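Quick caveat, the model's predicted, so the values are computed rather than measured.
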Amino acid sequence: MGQLLSKLIYSLFNWDSTGKVTVLQGSIEICTCDWHALPSKLTTDISILVENRTFHASKDVLSYFSPLLKDYLEKNHTDKITLKNITPDSVEMLLRYMYTEDLEIKCQNIVEIYKSSRKLRMEDVTFKCIEVMNSENTTAYICKYAVASQLGMLEKRCKFYSIILWNLEKFIEDEEMLNLNVTQICEILTGAGMTCIKTNIKRYYNLFLLALKWLNHKPERKKHAIRIMCVVPFHRMPKEDVFKCIHYKSDSHIMNIPGVRRIILSSLCTERLKTEENK
């Protein structure tokens, strides 16, 4: 691996090569997990407890995909195990992969998927994470920026942040932008509106569309509407685009949230004051 990838995967991911998953044998309560709405549930013969969640799986499937669990199950005859030092969400994603070969690596989950796959010795999943981080496409840079943000790697975050801003209109077309969290999307929109930051943006109206698309991606994001709209660079748009934003029609009712249109209108007032000051 190159120097950049090495830093991203080992330093950026803060991987501890001595880290282990502790497998404990014990009695646990059986519960139902949504992902197990699969025909293979009929053949499950082991329960896995991770924190406060329980998953059901087949020993053969676990042994096939995870050498760590294979070694443990060969030495211990049990139908109930507890996994420590690993998150329930990552276990759910890895189990889904084992049964369906479906692995959705996103900018917000790649860290946990990578760490968990290393700990469970699932080399194919680890490789998929490395493959994403080693790419040079827009999705990869969004992931690199998000990972650096999550782990507090300021220098790396700034580097990938600058790359995204400089090519923002190209990045906007990538669906992975919708997986950024509210802090990250706000940081990008704020940076796009700052004159001191170099960007190559030709039409700022597209950032308004990005904000709406991000808000509409998940129903629970509507609570962030005011925060998001406050950082959309309306002040850098021509008046015709600002008016287009004000009168934008959407089925999601984002534009009808009290205060949203007022924020857009205020940019016109700000521009008018600047014009009068320059006279």
Side-chain angles (χ1 to χ4, degrees), residues 1-23 33 35 48 50-51 53 55 57 61-72 83-161 163-164 167 171 173-181 183-185 188 217:
M1 294 185 294
Q3 184 179 7
L4 173 60
L5 180 61
S6 177
K7 288 183 178 179
L8 284 172
I9 298 300
Y10 293 101
S11 297
L12 188 57
F13 275 9
N14 196 26
W15 166 252
D16 178 4
S17 59
T18 63
K20 297 180 179 178
V21 175
T22 304
V23 184
C33 296
W35 83 274
I48 308 167
V50 188
E51 295 182 5
R53 295 182 62 184
F55 302 94
V61 173
L62 295 180
S63 297
Y64 180 82
F65 284 95
S66 172
L68 176 78
L69 294 177
K70 179 182 179 181
D71 291 345
Y72 178 80
L83 297 182
K84 300 287 187 180
N85 305 321
I86 194 168
T87 66
D89 288 344
S90 60
V91 170
E92 179 174 0
M93 287 183 284
L94 293 178
L95 284 172
R96 185 180 295 276
Y97 171 72
M98 292 178 189
Y99 277 90
T100 67
E101 295 187 348
D102 176 28
L103 183 67
E104 293 189 1
I105 298 177
K106 305 292 185 182
C107 61
Q108 301 300 333
N109 68 20
I110 189 170
V111 173
E112 285 303 322
I113 290 179
Y114 175 80
K115 287 182 177 180
S116 299
S117 66
R118 284 293 300 269
K119 292 175 179 179
L120 292 173
R121 291 189 243 152
M122 296 177 64
E123 293 183 0
D124 54 335
V125 176
T126 301
F127 177 76
K128 289 178 185 294
C129 293
I130 292 175
E131 196 173 38
V132 169
M133 297 298 288
N134 199 28
S135 301
E136 298 294 327
N137 55 37
T138 54
T139 298
Y141 279 108
I142 294 168
C143 287
K144 293 172 185 179
Y145 162 69
V147 169
S149 299
Q150 291 171 30
L151 300 181
M153 307 296 288
L154 181 60
E155 182 180 349
K156 292 298 181 185
R157 189 195 75 185
C158 290
K159 176 181 178 179
F160 300 127
Y161 177 63
I163 291 173
I164 291 173
N167 304 278
F171 276 88
E173 299 173 1
D174 195 313
E175 291 295 309
E176 192 62 31
M177 289 289 286
L178 303 181
N179 293 317
L180 293 172
N181 63 34
T183 299
Q184 293 160 356
I185 197 71
I188 288 174
H217 188 58

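- Residues Ile185 and Leu178 are not in side-chain contact: their nearest non-hydrogen atoms beyond the backbone lie 4.5 Å or more apart.
- Here the side chains of Glu104 and Arg96 are not in contact, with every heavy-atom distance at 4.5 Å or above.
- Side-chain atoms of Asp89 and Arg53, non-hydrogen and from C-beta on, do get closer than 4.5 Å to each other.
- Closest approach of Asn179 and Gln108 over heavy atoms only: O-CG, 3.0 Å.
- Put simply, NZ on Lys144 and OG on Ser135 are 7.0 Å apart, with the number rounded to the nearest 0.5 Å.
- Here the straight-line distance linking atom CG of Asn85 with atom NZ of Lys115 works out to 11.0 Å at 0.5 Å rounding.
- Judged purely by atom type and a 3.5 angstrom limit, Ser90 has no side-chain atom pairing as donor or acceptor with the backbone of Glu112.
- More than 12 heavy atoms of other shown residues, nucleotides or ligands fall within 6.0 angstrom of atom NZ in Lys106.
- Pairing each heavy atom of Leu120 with each of Ser66, the nearest pair is O-OG, 2.8 Å.
- Panel note: side chain Glu176, backbone Phe171; no donor-acceptor pair is recorded below 3.5 Å.
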Would you check, one step at a time, whether the test side chain to side chain contact (heavy atoms under 4.5 Å, CB included) holds for Val147 with Phe160? CA-CA 10 Å; Val147 169; Phe160 300 127; over 6 Å; no
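- Expressed to the nearest 0.5 Å, how far CD1 of Ile105 lies from CD of Glu131 amounts to 8.5 Å.
- Here the closest heavy-atom approach between residue Leu103 and residue Met93 is recorded as CD1-O, 4.3 Å.
- The distance from atom CD1 of Ile86 to atom CD1 of Ile48, rounded to the nearest 0.5 Å, is 9.5 Å.
- At a threshold of 4.5 Å between non-hydrogen side-chain atoms, the residues Asp71 and Arg121 count as touching.
- Interatomic distance, CD of Gln150 versus SG of Cys107, reported as 7.5 Å (0.5 Å rounding).
- In this structure, Val91 and Ser116 have side chains that are not in contact, with every pair of non-hydrogen atoms separated by 4.5 Å or more.
- At distances below 3.5 Å, at least one donor-acceptor pair connects side-chain atoms of Ser117 with backbone N or O atoms of Ile113.
- Cys129 and Ile110 get closest at one heavy-atom pair: O-CD1, 3.9 Å.
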Go through the steps to decide whether Asp174 and Tyr141 satisfy the test side-chain hydrogen bond (donor to acceptor under 3.5 Å, both in side chains), and finish with yes or no. CA-CA 11 Å; Asp174 195 313; Tyr141 279 108; over 6 Å; no
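- Using the six-membered ring where Trp is involved, Tyr145 and Tyr161 have ring planes that are parallel, under 30° apart on the 30 and 60° scheme.
- Within the model, atoms OG1 of Thr138 and CD1 of Ile163 stand 12.0 Å from one another, a figure rounded to the nearest 0.5 Å.
- Between Tyr114 and Met133 there is no side-chain heavy-atom pair separated by less than 4.5 Å.
- Annotation: Glu51, atom CD; neighbour count of heavy atoms from other residues, nucleotides and ligands within 6.0 Å is above 12.
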